[in-house]
*Asks:* 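There's a structure below that I have some questions on.
One-based numbering, in listed order, for ligands and for the atoms of each. Side chains included, hydrogens not; waters and symmetry mates left out as well; all remaining heavy atoms used.
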Amino acid sequence: MRAQVGIVGAGPAGLTLAHLLHREGIESVVLEDRGREHVEQRLRAGVLEQAIADLLVDAGAGERLRREGIVHHGIELQFDSERHRIPLSDLTGGRAIVVYGQTEIVKDLIRLRVDADLPLLFDVSDVSVHDLESERPSIRFSHDGGEQILECDVVAGCDGYHGVCRPSIPAGVLSEFSREYPFGWLGILAAVPPSNDELVYSHHERGFALLSLRSPELSRLYVQCRPDEDLAEWPDARIWEELQLRLGLEGWTLAEGPILEKGVTGMRSYVAEPMRFGRLFLAGDAAHIVPPTGAKGLNLALHDVRLLAEALTSWYRSDSSELLDGYSDACLRRVWRAEHFSWWMTSLLHRFDSADDFDLKLQLSQLRYVTSSIAAATSLAENYVGIERV
Ligand SMILES: Cc1cc2nc3c(=O)[nH]c(=O)nc-3n(C[C@H](O)[C@H](O)[C@H](O)COP(=O)(O)OP(=O)(O)OC[C@H]3O[C@@H](n4cnc5c(N)ncnc54)[C@H](O)[C@@H]3O)c2cc1C
């Protein structure tokens, strides 16, 4: 097999990259080690920066997003039994966020690729990448019982944090930066209309909680928990009880409904630098992870592949490697901004076991500042909707 670009991973990064390249006339093959159904059902992010929603729409992949995506102009922060609205759009010259599930983006992109009869292979195994420092890198894999080799000009490592691309880079090349958090999120998807028009981030003495949504009929809710929390200890009734306590307000009720799905996600910050080794380019979670509090993971992945698609297009058209050579640095500027914002939101809103009253007072003071000072609220807002120029 031969393609200009070999893409490992059919998550949002790999699928979007393949789509953007196709529109520029660049051929790619996407290799995914899970089945189509699994990839389409995997419940993850759901908040898009406006620039990312626009990217998908402008690229012809946002027809359903435009119809079904829910535009939000603000979020709410809750602490000390009060809610305070951060008017995102008022503070950022009219920019907003769009609520549209990652699962839906992935379904839309897969459908476009399958309808166009472009190569996208699910259920591949034993994927490995080779000759990355040469002009003819290759990807070996097994599919349908046979071993195959895909030869390409460039390999895009879009295979997430646990993929094979980043670990294939020789020791000593990458610098890695990370932080583990002593908690995780227990998240549920519930068949009940969201109880609030906008997302609610709640700071509470029992731990953080988030009220979010996936559609007018589906609520997505989270409570801070231990990173190794045993779901067996969380029957549905206990989850609702905890959500009621942490999100509850006088005169407001959290509506309950059947829980369709539940899971625990650990929290980590991680960056690998540079995001390139020879002809291998890393994008998305393969290169960086953020805790989900800032809603940045999916957005960062798509910012990366937008830059990678532009750089590859320029390289093929003009034979100039300037953008490819600048790819890693350009991505990392945004990555570190998002790393800081995600760490800051996480530190502001969660309860740390090690925290004493001094830490708690600092959190509350900062929350009051962010919700009463236009300067502080604007800083949060512009990071949340996505900084235009980093
Ligand atoms: C459980 C969970 C919940 C999350 N919740 C949120 C959230 O609420 N908000 C938010 O902003 N972000 C969230 N994130 C982060 C967000 O979903 C990711 O940042 C986003 O998925 C990154 O996209 P990606 O394409 O880079 O990586 P991924 O989505 O991880 O895609 C990588 C793809 O590569 C495939 N793959 C892996 N190894 C191989 C291999 N060897 N060969 C071939 N294919 C391979 C995987 O199966 C996968 O399909 C969450 C992440 C997780 C794991």
Side-chain angles (χ1 to χ4, degrees), residues 6-19 29-49 52 97-103 105-106 109-110 120-129 139-143 150 155-168 184-189 199 201 210 212-214 220-222 227 261-270 275 281-305 308 331 335 338-339 341-342 345-346 384 386:
I7 300 177
V8 186
L15 290 166
T16 306
L17 178 63
H19 182 75
V29 172
V30 185
L31 304 172
E32 166 60 49
D33 71 351
R34 309 301 295 255
R36 177 172 177 175
E37 199 180 330
H38 176 88
V39 172
E40 289 189 337
Q41 299 305 326
R42 206 166 29 192
L43 197 59
R44 289 185 171 177
V47 173
L48 300 182
E49 295 174 0
I52 293 303
I97 51 166
V98 181
V99 177
Y100 189 68
Q102 177 169 331
T103 44
I105 295 175
V106 165
L109 289 163
I110 290 177
L120 165 55
L121 276 57
F122 290 102
D123 296 308
V124 303
S125 55
D126 304 323
V127 178
S128 56
V129 291
I139 308 175
R140 289 172 199 223
F141 60 99
S142 302
H143 189 241
L150 171 65
V155 175
C158 301
D159 49 349
Y161 183 70
H162 298 288
V164 293
C165 289
R166 193 184 65 252
S168 304
W185 281 8
L186 192 164
I188 61 164
L189 184 72
L199 274 68
Y201 287 80
L210 171 61
S212 182
L213 67 153
R214 282 296 176 271
R220 185 90 169 112
L221 297 133
Y222 302 90
E261 206 172 312
K262 50 181 152 177
V264 171
T265 312
M267 309 257 274
R268 169 188 293 127
S269 300
Y270 172 84
M275 289 168 59
F281 293 84
L282 301 176
D285 279 17
H288 43 74
I289 298 283
V290 284
T293 328
K296 288 286 162 244
L298 170 61
N299 291 295
L300 275 184
L302 297 204
H303 278 294
D304 287 353
V305 294
L308 186 53
C331 289
V335 167
E339 288 289 345
F341 178 64
S342 305
M345 285 282 280
T346 303
Y384 198 86

*Asks:* How are the rings of Y384 and F341 set relative to one another: parallel (under 30°), tilted (30 to 60°) or perpendicular (over 60°)?
*Replies:*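 It falls in the perpendicular class, over 60°.
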*Asks:* Could you tell me which atoms of ligand 1, counted from 1 in the order shown, lie closer than 4.0 angstrom to a heavy atom of V164?
*Replies:*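 Numbered from 1, ligand 1 contributes 41 (N).
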*Asks:* How far is atom 19 (O) of ligand 1 from the closest protein heavy atom, and which atom is that?
*Replies:*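 Looking only at protein heavy atoms, the one closest to atom 19 (O) of ligand 1 is D285 OD1, 2.7 Å.
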*Asks:* Is the shortest side-chain heavy-atom distance between I105 and L15 below 4.5 Å?
*Replies:*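 I105 vs L15: side chains apart.
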*Asks:* If you compare all heavy atoms of E40 against all heavy atoms of V106, which two are closest, and at what distance to 0.1 Å?
*Replies:*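 Shortest heavy-atom separation between E40 and V106 comes out as CA-CG1, 4.4 Å.
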*Asks:* With heavy atoms of G284 as the reference, note each atom of ligand 1 found under 4.0 Å away.
*Replies:*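 It comes down to these atoms of ligand 1: 26 (O).
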*Asks:* What residue and atom, counting heavy atoms only, is the protein's closest point to atom 35 (C) of ligand 1, and at what distance?
*Replies:*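 The closest heavy atom on the protein side is E32 OE1, 3.2 Å.
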*Asks:* Within the 4.0 Å heavy-atom shell around R42, which atoms of ligand 1 are there?
*Replies:*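 Those atoms are 46 (C), 47 (O), 48 (C), 49 (O).
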*Asks:* Restricting to non-hydrogen atoms, name the atom on I7 and the atom on C158 that form the minimum distance, rounded to 0.1 Å.
*Replies:*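 Closest approach of I7 to C158, heavy atoms only: CG2-SG, 4.1 Å.
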*Asks:* Looking at atom 23 (O) of ligand 1, what's its closest protein heavy atom, distance included?
*Replies:*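 It is P12 CD, 3.5 Å.
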*Asks:* Heavy atoms, side chains only, cut-off 4.5 Å: are L43 and R220 in contact?
*Replies:*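 Counting from C-beta outward, L43 and R220 do come under 4.5 Å.
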*Asks:* Out of all atoms in ligand 1, which are within 4.0 Å of some heavy atom of G11? Include the element for each.
*Replies:*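 Every atom of ligand 1 under 4.0 Å from some heavy atom of G11: 25 (O), 31 (O), 33 (C), 49 (O).
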*Asks:* Kindly give the heavy-atom pair with the smallest separation between L300 and V335, and that separation in Å.
*Replies:*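 Taking every non-hydrogen atom into account, CD2-CA, 4.0 Å.
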*Asks:* As an exercise, identify every atom of ligand 1 less than 4.0 angstrom from a heavy atom of C158.
*Replies:*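 The atoms of ligand 1 under 4.0 Å from a heavy atom of C158 are 32 (C), 33 (C), 34 (O).
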*Asks:* I need the nearest protein heavy-atom contact for atom 8 (O) of ligand 1: residue, atom name and distance, please.
*Replies:*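 That would be Y222 OH, 3.5 Å.
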*Asks:* My understanding is that we take every heavy atom of each candidate and find the minimum distance to atom 36 (N) of ligand 1. Doing that for L15, D33, L31, T265, which one comes out nearest?
*Replies:*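 The nearest heavy atom belongs to D33.
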*Asks:* Within ligand 1, which atoms have a heavy atom of V8 less than 4.0 Å away?
*Replies:*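 Going through ligand 1 atom by atom, the ones under 4.0 Å from V8 are 42 (N), 43 (C).
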*Asks:* Does any part of the side chain of R140, heavy atoms only, come nearer than 4.5 Å to the side chain of D126, both counted from C-beta?
*Replies:*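 Not in contact.
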*Asks:* Please report the closest heavy-atom contact between A283 and A13, naming both atoms and the distance.
*Replies:*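 In this case the closest contact between A283 and A13 is O-CB, 4.4 Å.
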*Asks:* In the protein, what heavy atom is nearest to atom 25 (O) of ligand 1, and what distance, to one decimal place, separates them?
*Replies:*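 The answer is A13 N, 2.9 Å.
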*Asks:* Which heavy atom of the protein is the closest neighbour of atom 52 (C) of ligand 1, given with residue, atom name and distance?
*Replies:*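 Result for atom 52 (C) of ligand 1: R44 NE, 3.5 Å.
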*Asks:* For side chain to side chain contact (heavy atoms under 4.5 Å, CB included), just list the numbers for L199 and V47, CA-CA rounded to whole Å, side-chain angles, deciding distance to a tenth of an Å, and then say yes or no.
*Replies:* CA-CA 10 Å; L199 274 68; V47 173; 4.0 Å; yes
*Asks:* Looking at ligand 1, does any of its N/O atoms fall within less than 3.5 Å of an N/O of A286?
*Replies:*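 No, A286 has no N/O under 3.5 Å of an N/O on ligand 1.
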*Asks:* Where is the nearest protein heavy atom to atom 42 (N) of ligand 1: which residue, which atom, and how far?
*Replies:*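 The closest heavy atom on the protein side is V127 CG2, 3.5 Å.
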*Asks:* Please report which non-hydrogen protein atom sits nearest to atom 7 (C) of ligand 1, along with the residue it belongs to and the distance in Å to one decimal place.
*Replies:*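 Ranked first by proximity to atom 7 (C) of ligand 1 is A45 CA, 3.4 Å.
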*Asks:* For the pair E49 and K296, find out whether any cationic side-chain nitrogen is under 4.0 Å from an anionic carboxylate oxygen.
*Replies:*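 Yes, this pair counts.
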*Asks:* Is any side-chain heavy atom of D33 closer than 4.5 Å to one of F141?
*Replies:*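 No; the side chains remain at least 4.5 Å from each other.
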*Asks:* Taking 4.0 angstrom as the limit and counting only heavy atoms of G163, give me the atoms of ligand 1 inside it, by number and element.
*Replies:*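 Numbered from 1, ligand 1 contributes 38 (N).
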*Asks:* Heavy-atom contacts with A295 under 4.0 Å: which atoms of ligand 1 show up? List them by number with element.
*Replies:*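 The list of qualifying atoms is 11 (O).
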